[in-house]
Amino acid sequence: MKAVEKMFESEYTEEMYYKTDRLLLTATRHLMDARKAPAISTVITDDEIRNMGARNLMDILKRVPGVGISISKLPTKHAIEVRGIRTKNSEKVLFMIDGHRVNNHLSGAAINIFNDLAVENIKRVEVVRGPGSALYGANAFVAVINIISKESDDIDGLQASISGGSFDTQHYNILFGHDGTEYEITGHLDYSETDGPSFLIEEDKLTPNVKTEKQES
(Lines give C-alpha, C1' and ligand atoms only; values in the text may rest on other atoms or scores of the structure.)
Protein backbone atom coordinates (compact mmCIF):
# COMPACT_ATOMS: atom_id res chain seq x y z
CA MET A 1 0.00 0.00 0.00
CA LYS A 2 2.80 2.40 0.88
CA ALA A 3 4.56 1.56 -2.36
CA VAL A 4 1.44 2.47 -4.36
CA GLU A 5 1.03 5.76 -2.48
CA LYS A 6 4.66 6.61 -3.07
CA MET A 7 4.25 5.92 -6.79
CA PHE A 8 1.31 8.34 -7.08
CA GLU A 9 3.15 10.98 -5.08
CA SER A 10 6.07 10.84 -7.51
CA GLU A 11 3.91 11.38 -10.59
CA TYR A 12 3.81 14.82 -12.17
CA THR A 13 0.53 16.66 -11.89
CA GLU A 14 -0.64 19.38 -14.23
CA GLU A 15 0.21 22.03 -11.67
CA MET A 16 3.74 20.68 -11.19
CA TYR A 17 4.34 20.52 -14.93
CA TYR A 18 2.88 23.84 -16.02
CA LYS A 19 3.42 26.10 -13.00
CA THR A 20 6.73 25.24 -11.34
CA ASP A 21 9.27 28.07 -11.66
CA ARG A 22 7.25 29.95 -14.26
CA LEU A 23 6.45 33.63 -14.52
CA LEU A 24 3.01 34.93 -15.43
CA LEU A 25 2.05 38.44 -16.54
CA THR A 26 -1.47 38.10 -17.91
CA ALA A 27 -3.33 37.27 -14.69
CA THR A 28 -2.67 40.59 -12.91
CA ARG A 29 -0.73 42.72 -15.44
CA HIS A 30 2.25 42.33 -13.12
CA LEU A 31 5.00 39.75 -13.57
CA MET A 32 4.74 37.19 -10.78
CA ASP A 33 5.21 33.55 -9.91
CA ALA A 34 2.53 31.54 -11.72
CA ARG A 35 1.93 29.45 -8.61
CA LYS A 36 0.85 32.59 -6.71
CA ALA A 37 -1.36 34.04 -9.43
CA PRO A 38 -5.07 34.39 -8.56
CA ALA A 39 -6.19 32.65 -11.74
CA ILE A 40 -6.40 29.25 -13.41
CA SER A 41 -3.49 29.58 -15.80
CA THR A 42 -1.08 27.64 -17.97
CA VAL A 43 2.36 28.86 -19.00
CA ILE A 44 4.21 27.11 -21.82
CA THR A 45 7.86 28.02 -22.31
CA ASP A 46 9.93 28.12 -25.49
CA ASP A 47 11.79 24.94 -24.50
CA GLU A 48 8.49 23.05 -24.27
CA ILE A 49 7.34 24.49 -27.59
CA ARG A 50 10.52 23.22 -29.21
CA ASN A 51 10.28 19.79 -27.59
CA MET A 52 6.64 19.25 -28.54
CA GLY A 53 7.42 20.00 -32.20
CA ALA A 54 4.70 22.65 -32.52
CA ARG A 55 4.44 24.17 -36.00
CA ASN A 56 2.09 27.01 -35.08
CA LEU A 57 0.14 28.46 -32.19
CA MET A 58 -2.75 26.06 -32.70
CA ASP A 59 -0.43 23.11 -32.06
CA ILE A 60 0.58 24.72 -28.77
CA LEU A 61 -2.95 25.45 -27.60
CA LYS A 62 -4.03 21.86 -28.26
CA ARG A 63 -1.81 20.84 -25.34
CA VAL A 64 -3.45 23.23 -22.86
CA PRO A 65 -6.01 21.59 -20.51
CA GLY A 66 -9.50 22.98 -21.00
CA VAL A 67 -8.76 24.32 -24.50
CA GLY A 68 -9.96 22.68 -27.70
CA ILE A 69 -9.10 23.50 -31.32
CA SER A 70 -11.30 22.57 -34.26
CA ILE A 71 -11.42 23.44 -37.96
CA SER A 72 -14.70 24.68 -39.41
CA LYS A 73 -15.96 24.50 -42.99
CA LEU A 74 -13.08 26.59 -44.28
CA PRO A 75 -9.81 24.62 -43.99
CA THR A 76 -7.83 27.59 -42.59
CA LYS A 77 -10.46 28.78 -40.13
CA HIS A 78 -9.89 27.58 -36.58
CA ALA A 79 -12.42 27.69 -33.77
CA ILE A 80 -11.19 27.83 -30.19
CA GLU A 81 -13.17 26.20 -27.40
CA VAL A 82 -12.52 26.98 -23.75
CA ARG A 83 -14.34 25.20 -20.93
CA GLY A 84 -16.93 23.87 -23.36
CA ILE A 85 -17.81 27.32 -24.77
CA ARG A 86 -17.30 27.60 -28.52
CA THR A 87 -18.45 30.29 -30.92
CA LYS A 88 -18.14 30.59 -34.69
CA ASN A 89 -15.53 33.35 -34.68
CA SER A 90 -13.96 32.67 -31.25
CA GLU A 91 -14.80 36.24 -30.29
CA LYS A 92 -15.12 35.30 -26.60
CA VAL A 93 -11.38 34.59 -26.37
CA LEU A 94 -9.01 37.54 -26.19
CA PHE A 95 -5.69 37.17 -28.01
CA MET A 96 -2.74 39.41 -27.29
CA ILE A 97 0.86 39.75 -28.43
CA ASP A 98 3.09 41.21 -25.73
CA GLY A 99 0.01 42.56 -23.98
CA HIS A 100 -1.48 44.24 -27.08
CA ARG A 101 -4.90 42.96 -28.13
CA VAL A 102 -5.15 41.75 -31.74
CA ASN A 103 -8.80 40.65 -32.04
CA ASN A 104 -10.76 42.26 -34.85
CA HIS A 105 -12.04 45.61 -33.60
CA LEU A 106 -15.38 45.36 -35.42
CA SER A 107 -16.41 41.72 -35.01
CA GLY A 108 -14.14 40.71 -32.14
CA ALA A 109 -13.15 37.64 -34.14
CA ALA A 110 -9.96 35.84 -33.30
CA ILE A 111 -9.86 33.55 -36.34
CA ASN A 112 -7.02 33.33 -38.86
CA ILE A 113 -4.86 35.63 -36.74
CA PHE A 114 -2.19 33.18 -35.68
CA ASN A 115 -2.40 30.50 -38.31
CA ASP A 116 1.01 31.50 -39.69
CA LEU A 117 2.57 32.90 -36.52
CA ALA A 118 6.16 31.63 -36.26
CA VAL A 119 6.67 29.76 -32.99
CA GLU A 120 10.46 30.25 -33.12
CA ASN A 121 10.01 33.84 -31.90
CA ILE A 122 7.76 32.92 -28.97
CA LYS A 123 9.29 33.14 -25.49
CA ARG A 124 6.23 31.79 -23.72
CA VAL A 125 2.47 31.46 -24.10
CA GLU A 126 0.27 32.44 -21.18
CA VAL A 127 -3.28 31.08 -21.09
CA VAL A 128 -5.60 32.33 -18.35
CA ARG A 129 -8.85 30.39 -18.34
CA GLY A 130 -11.96 32.11 -17.02
CA PRO A 131 -13.42 35.62 -17.36
CA GLY A 132 -10.84 38.37 -17.70
CA SER A 133 -12.97 41.34 -18.75
CA ALA A 134 -12.33 43.16 -15.48
CA LEU A 135 -8.71 43.60 -16.60
CA TYR A 136 -8.93 43.49 -20.39
CA GLY A 137 -12.44 44.52 -21.39
CA ALA A 138 -14.19 43.09 -24.44
CA ASN A 139 -13.57 39.56 -25.77
CA ALA A 140 -11.99 38.28 -22.52
CA PHE A 141 -15.15 36.34 -21.69
CA VAL A 142 -13.81 32.79 -21.31
CA ALA A 143 -10.04 33.15 -21.64
CA VAL A 144 -7.08 35.44 -22.29
CA ILE A 145 -4.20 34.15 -24.40
CA ASN A 146 -1.05 36.26 -24.35
CA ILE A 147 1.90 35.46 -26.64
CA ILE A 148 5.16 36.83 -25.26
CA SER A 149 7.84 37.29 -27.94
CA LYS A 150 11.57 36.92 -27.42
CA GLU A 151 13.78 39.87 -26.55
CA SER A 152 17.35 40.56 -27.60
CA ASP A 153 18.94 38.83 -24.60
CA ASP A 154 16.79 35.73 -25.22
CA ILE A 155 18.29 35.33 -28.70
CA ASP A 156 21.81 36.76 -28.19
CA GLY A 157 23.18 36.33 -31.70
CA LEU A 158 21.89 34.66 -34.82
CA GLN A 159 19.61 31.62 -34.89
CA ALA A 160 18.50 29.90 -38.09
CA SER A 161 16.31 26.87 -38.73
CA ILE A 162 15.15 24.97 -41.81
CA SER A 163 12.38 22.40 -41.95
CA GLY A 164 10.33 20.58 -44.55
CA GLY A 165 7.50 18.13 -44.91
CA SER A 166 4.87 16.62 -47.16
CA PHE A 167 3.25 18.51 -50.06
CA ASP A 168 6.67 20.04 -50.83
CA THR A 169 6.49 22.10 -47.66
CA GLN A 170 9.49 24.33 -46.90
CA HIS A 171 10.02 26.54 -43.86
CA TYR A 172 12.90 28.92 -43.16
CA ASN A 173 13.31 31.00 -40.00
CA ILE A 174 16.00 33.48 -38.89
CA LEU A 175 16.21 35.25 -35.51
CA PHE A 176 18.72 37.95 -34.62
CA GLY A 177 19.23 39.65 -31.28
CA HIS A 178 21.90 41.96 -29.90
CA ASP A 179 21.90 43.43 -26.41
CA GLY A 180 24.30 46.38 -26.50
CA THR A 181 25.24 48.84 -23.79
CA GLU A 182 23.32 51.69 -25.40
CA TYR A 183 20.71 49.91 -27.50
CA GLU A 184 18.95 46.62 -28.12
CA ILE A 185 18.00 45.25 -31.50
CA THR A 186 16.03 42.20 -32.61
CA GLY A 187 15.11 40.92 -36.03
CA HIS A 188 12.84 38.13 -37.23
CA LEU A 189 12.41 36.67 -40.71
CA ASP A 190 10.06 33.79 -41.44
CA TYR A 191 9.25 32.26 -44.81
CA SER A 192 7.15 29.20 -45.63
CA GLU A 193 5.92 27.66 -48.86
CA THR A 194 3.76 24.64 -49.53
CA ASP A 195 1.66 23.13 -52.28
CA GLY A 196 -0.86 22.24 -49.58
CA PRO A 197 -3.19 19.27 -49.35
CA SER A 198 -6.27 18.99 -51.51
CA PHE A 199 -9.19 19.42 -49.11
CA LEU A 200 -11.82 19.00 -51.84
CA ILE A 201 -12.04 15.40 -53.01
CA GLU A 202 -14.50 15.03 -55.89
CA GLU A 203 -15.07 11.31 -55.26
CA ASP A 204 -16.27 12.01 -51.71
CA LYS A 205 -18.87 14.64 -52.59
CA LEU A 206 -22.45 13.73 -51.66
CA THR A 207 -24.01 15.69 -54.52
CA PRO A 208 -22.82 15.89 -58.14
CA ASN A 209 -21.37 19.06 -59.56
CA VAL A 210 -24.29 20.18 -61.76
CA LYS A 211 -22.31 22.91 -63.45
CA THR A 212 -19.59 20.51 -64.48
CA GLU A 213 -22.10 17.96 -65.85
CA LYS A 214 -23.78 20.62 -68.03
CA GLN A 215 -20.46 21.74 -69.36
CA GLU A 216 -19.51 18.17 -70.20
CA SER A 217 -22.84 17.50 -71.96
Side-chain angles (χ1 to χ4, degrees), residues 11-27 34 37 39-99 101-104 108-132 136 139-150 161 163-167 169-171 173 188 190 192 194 196-199:
E11 289 184 352
Y12 286 100
T13 63
E14 176 192 341
E15 184 176 3
M16 293 172 62
Y17 183 79
Y18 285 108
K19 290 191 174 184
T20 303
D21 298 328
R22 296 166 194 269
L23 297 177
L24 178 66
L25 176 67
T26 309
I40 301 175
S41 60
T42 297
V43 179
I44 301 178
T45 64
D46 56 342
D47 288 336
E48 292 169 350
I49 294 173
R50 189 183 306 109
N51 293 334
M52 71 175 61
R55 299 163 299 174
N56 49 49
L57 182 65
M58 298 298 110
D59 286 344
I60 300 173
L61 295 179
K62 290 176 183 177
R63 303 293 186 93
V64 178
V67 177
I69 306 297
S70 59
I71 299 178
S72 62
K73 296 179 180 178
L74 298 177
T76 59
K77 181 179 177 181
H78 293 85
I80 302 170
E81 175 185 331
V82 180
R83 289 182 166 183
I85 298 177
R86 178 181 179 272
T87 58
K88 180 180 180 181
N89 296 321
S90 305
E91 69 277 1
K92 297 185 183 299
V93 179
L94 175 62
F95 278 89
M96 299 189 297
I97 296 180
D98 294 326
R101 57 187 303 124
V102 291
N103 289 57
N104 187 287
I111 57 174
N112 296 335
I113 296 176
F114 305 109
N115 200 34
D116 298 322
L117 181 68
V119 298
E120 289 83 359
N121 197 35
I122 296 178
K123 182 176 182 178
R124 66 180 185 273
V125 177
E126 301 179 354
V127 181
V128 178
R129 302 185 288 280
Y136 297 103
N139 304 118
F141 184 75
V142 294
V144 178
I145 300 174
N146 192 10
I147 297 96
I148 309 297
S149 58
K150 292 182 179 179
S161 62
S163 61
S166 55
F167 309 108
T169 301
Q170 304 174 49
H171 183 214
N173 185 272
H188 176 217
D190 187 78
S192 61
T194 181
S198 177
F199 288 98

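Residues take their numbers from the sequence shown, with the count starting at 1. Remember, it's a predicted structure, so these values are computed and weren't measured experimentally.
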Side-chain touch Val142/Arg83, heavy atoms, less than 4.5 angstrom: no
message: Can you list everything that forms a side-chain contact (heavy atoms from CB on, under 4.5 Å) with Ser163? Sequence neighbours excluded, please.
response: His171
- prompt: Do you know the tightest heavy-atom contact between Ile60 and Ala54?
  reply: CG1-CB, 3.6 Å
- request: Specify the closest pair of heavy atoms between Ala118 and Ile122, including all atoms of both residues, with the distance to one decimal.
  value: O-CG1, 3.8 Å
- request: Kindly compute the distance separating CD1 (Ile44) from CZ (Arg124), expressed to the nearest 0.5 Å.
  value: 12.5 Å
message: How close do Asp98 and Ser149 get, counting heavy atoms only, and between which atoms?
response: OD2-OG, 2.6 Å
field: Intermediate values then yes/no, side-chain contact (heavy atoms from CB on, under 4.5 Å), Val119 and Leu57
entry: CA-CA 7 Å; Val119 298; Leu57 182 65; 5.5 Å; no
query: Do the side chains of Val125 and Asn146 get nearer than 4.5 Å, heavy atoms only?
result: no
query: Under the 3.5 angstrom rule, does the side chain of Asn173 hit a backbone N or O of Ser161 as a donor-acceptor pair?
result: no
message: Looking at Tyr136, is its backbone amide N or carbonyl O close enough to the side chain of Arg101 to form a donor-acceptor pair, meaning the two atoms are under 3.5 Å apart?
response: yes
message: Let's go through Arg86 and Ser70 carefully: what are the C-alpha distance in whole Å and the side-chain angles of both, what is the deciding distance for side-chain contact (heavy atoms from CB on, under 4.5 Å) to 0.1 Å, and is it a yes or a no?
response: CA-CA 10 Å; Arg86 178 181 179 272; Ser70 59; 3.1 Å; yes
Euclidean distance, Glu120 CD relative to His188 NE2, rounded to 0.5 Å: 6.5 Å
- line: CD1 of Ile97 to CD1 of Ile145, rounded to nearest 0.5 Å, is 12.0 Å
task: Give a yes or no on whether the backbone of Asp59 and the side-chain of Asn56 come within a donor-acceptor separation of less than 3.5 Å.
output: yes
field: Heavy-atom pair with the smallest gap, counting every atom of Thr87 and Ser90
entry: OG1-N, 3.2 Å
task: List the atom of Phe141, the atom of Ile85, and the distance in Å for their closest heavy-atom pair.
output: CE2-CD1, 4.4 Å
query: Backbone N or O of Glu91 within a donor-acceptor pair of the Asn139 side chain at under 3.5 Å?
result: yes
- prompt: Could you state the interatomic distance from OG1 (Thr45) to CD1 (Ile148), rounded to the nearest 0.5 Å?
  reply: 13.0 Å
query: Which atoms form the tightest heavy-atom contact between Phe95 and Ile147, and what is the distance?
result: CD2-CD1, 4.3 Å
- request: Determine the sole option in Arg63, Glu126, Arg129 for which the side-chain hydrogen bond (donor to acceptor under 3.5 Å, both in side chains) test with Thr42 is passed.
  value: Arg129
